[in-house]
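Single-structure report; data block below.
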Amino acid sequence: METLKEFLDKKGYTKIKLKFTKTNHFEIKATINGVRGNFILDTGASSSCVGFEGIETFKLNAEDSLIKAAGAGATNMDTKTAKKNKVKIGKWSNNKIVLVLFNLTHVNTALVNHNSKPVDGIIGADILKKGKAIIDYEKKYLYLKL
């Protein structure tokens, strides 16, 4: 019988390794505008996000935003947006990704309190939809369509 990987290879997908953390999240490496970072994969986050401290690191053109962010116990947070970013995950890439920028301190404090490393941001449902994502929870892989 054909494996999931063999089936998805034929359909033009690429495989990216996920790391399962002590906080029961998947972590993933991604490159934004040529700079590599560490991110949480969050299917429940509508938008992909980067912390304010990543604006210079990832060469983001930040603009003020009227959107208020909420998540992980924090609400009504001010945000900025950065448009037209090149995001690369494994062999998959897209040059037109809009990122939401907000204060990630509460997320990273929670991670550090659980002996996990802080992250640069969150890869959310927007990117997962663009990449026609399939997650293999058992084998810890993310598949994105090239």
Side-chain angles (χ1 to χ4, degrees), residues 2-55 57-58 60 62 65-146:
E2 193 172 44
T3 66
L4 178 64
K5 183 191 176 314
E6 290 165 346
F7 175 78
L8 292 174
D9 277 349
K10 287 182 193 165
K11 300 282 182 195
Y13 278 79
T14 184
K15 179 175 86 166
I16 300 105
K17 186 72 180 151
L18 298 170
K19 181 184 168 201
F20 198 64
T21 69
K22 292 173 185 143
T23 56
N24 294 330
H25 290 96
F26 279 128
E27 277 186 6
I28 188 168
K29 302 279 186 214
T31 304
I32 298 175
N33 300 326
V35 181
R36 199 167 159 81
N38 200 30
F39 297 84
I40 288 174
L41 184 71
D42 187 350
T43 59
S46 54
S47 301
S48 295
C49 312
V50 171
F52 285 139
E53 59 281 355
I55 291 173
T57 309
F58 295 107
L60 302 173
S65 166
L66 296 173
I67 299 166
K68 295 285 184 184
T75 57
N76 210 31
M77 294 181 291
D78 288 327
T79 66
K80 293 182 181 287
T81 55
K83 297 176 181 145
K84 295 182 183 164
N85 297 288
K86 179 171 186 172
V87 175
K88 189 170 188 301
I89 302 171
K91 293 176 185 165
W92 180 89
S93 70
N94 186 302
N95 295 331
K96 295 179 185 156
I97 301 292
V98 176
L99 296 167
V100 174
L101 313 172
F102 73 108
N103 185 338
L104 263 183
T105 307
H106 65 288
V107 172
N108 281 324
T109 300
L111 290 171
V112 170
N113 286 343
H114 287 86
N115 301 316
S116 288
K117 290 183 187 148
V119 293
D120 296 300
I122 297 163
I123 300 297
D126 54 343
I127 288 177
L128 297 175
K129 282 175 72 175
K130 281 188 169 85
K132 297 182 170 61
I134 294 169
I135 300 170
D136 183 339
Y137 282 88
E138 185 186 1
K139 295 203 166 74
K140 300 182 186 79
Y141 284 111
L142 169 68
Y143 292 89
L144 295 172
K145 190 159 175 55
L146 296 174

>> If I take atom NZ from residue K91 and atom CG from residue L146, how far apart are they, to the nearest 0.5 angstrom?
In response: 7.5 Å
>> Can you confirm if the NZ or CZ of K80 lies within 45° of the ring axis of F102 and under 6.0 Å from the centre of its six-membered ring?
In response: no
> Who passes side-chain contact (heavy atoms from CB on, under 4.5 Å) against T31, sequence neighbours left out?
Replying inline: R36, K88
>> Within the structure provided, determine whether I32 and I97 are in side-chain contact (heavy-atom separation under 4.5 Å).
In response: no
> Is the NZ atom of K17 crowded by more than 12 outside heavy atoms at less than 6.0 Å?
Replying inline: yes
> In Å and rounded to the nearest 0.5 Å, what is the CG to CG distance from L101 to D78?
Replying inline: 12.0 Å
>> Applying side-chain hydrogen bond (donor to acceptor under 3.5 Å, both in side chains), can you list everything that pairs with K84, at least two apart in sequence or on another chain?
In response: none
> Which pairs pass ring-ring contact (aromatic ring centres under 6.0 Å, His included) with one or both residues in residues 9-36, sequence neighbours excluded?
Replying inline: F20-F26, F26-Y137
> Can you tell if the side chain of L4 reaches within under 4.5 Å of the side chain of Y143, non-hydrogen atoms only?
Replying inline: yes
> Do F39 and V119 come within less than 4.5 Å of each other through their side chains, counting heavy atoms only?
Replying inline: no
> In Å, rounded to the nearest 0.5 Å, how long is the span from CG of L41 to CG of L142?
Replying inline: 6.0 Å
> What distance separates C49 SG from D120 CG, expressed to the nearest 0.5 Å?
Replying inline: 12.5 Å
> If only atom types and distance count, is the side chain of N85 paired as donor or acceptor with the main-chain N or O of V87 below 3.5 Å?
Replying inline: no
> S46: what forms a side-chain contact (heavy atoms from CB on, under 4.5 Å) with it, not counting sequence neighbours?
Replying inline: none
> Who pairs with V112 by side-chain contact (heavy atoms from CB on, under 4.5 Å), at least two apart in sequence or on another chain?
Replying inline: P118
> Can you list the residues that meet the salt bridge (Lys or Arg N to Asp or Glu O under 4.0 Å) rule with K140, with sequence neighbours excluded?
Replying inline: none
> Out of K145, K132, K130, which one pairs with W92 under the side chain to side chain contact (heavy atoms under 4.5 Å, CB included) rule?
Replying inline: K130
>> Which residues pass the salt bridge (Lys or Arg N to Asp or Glu O under 4.0 Å) test with K10, not counting sequence neighbours?
In response: E2
> By side-chain contact (heavy atoms from CB on, under 4.5 Å), which residues pair with K86, not counting sequence neighbours?
Replying inline: N33, S93, N95
> Nearest heavy-atom pair of L104 and G51: which atoms, and what distance?
Replying inline: CD1-N, 3.4 Å
> Just how far is it from atom CD1 of I123 to atom CG of D42, taken to the nearest 0.5 Å?
Replying inline: 10.5 Å
> So how far is it from E53 CD to N108 CG, rounded to the nearest 0.5 Å?
Replying inline: 7.0 Å
>> Using side-chain heavy atoms (C-beta onward) and a distance below 4.5 Å, is T43 in contact with I135?
In response: yes
> Would a 4.5 Å heavy-atom cut-off, applied to side chains only, mark L111 and I40 as touching?
Replying inline: yes
>> Which residues pass the side-chain hydrogen bond (donor to acceptor under 3.5 Å, both in side chains) test with N94, not counting sequence neighbours?
In response: none
>> Run the salt bridge (Lys or Arg N to Asp or Glu O under 4.0 Å) test against D136 and tell me which residues pass, sequence neighbours left out.
In response: none
> With sequence neighbours excluded, what pairs up with D126 under the side-chain hydrogen bond (donor to acceptor under 3.5 Å, both in side chains) test?
Replying inline: S48
>> Can you list everything that forms a side-chain hydrogen bond (donor to acceptor under 3.5 Å, both in side chains) with T14? Sequence neighbours excluded, please.
In response: none
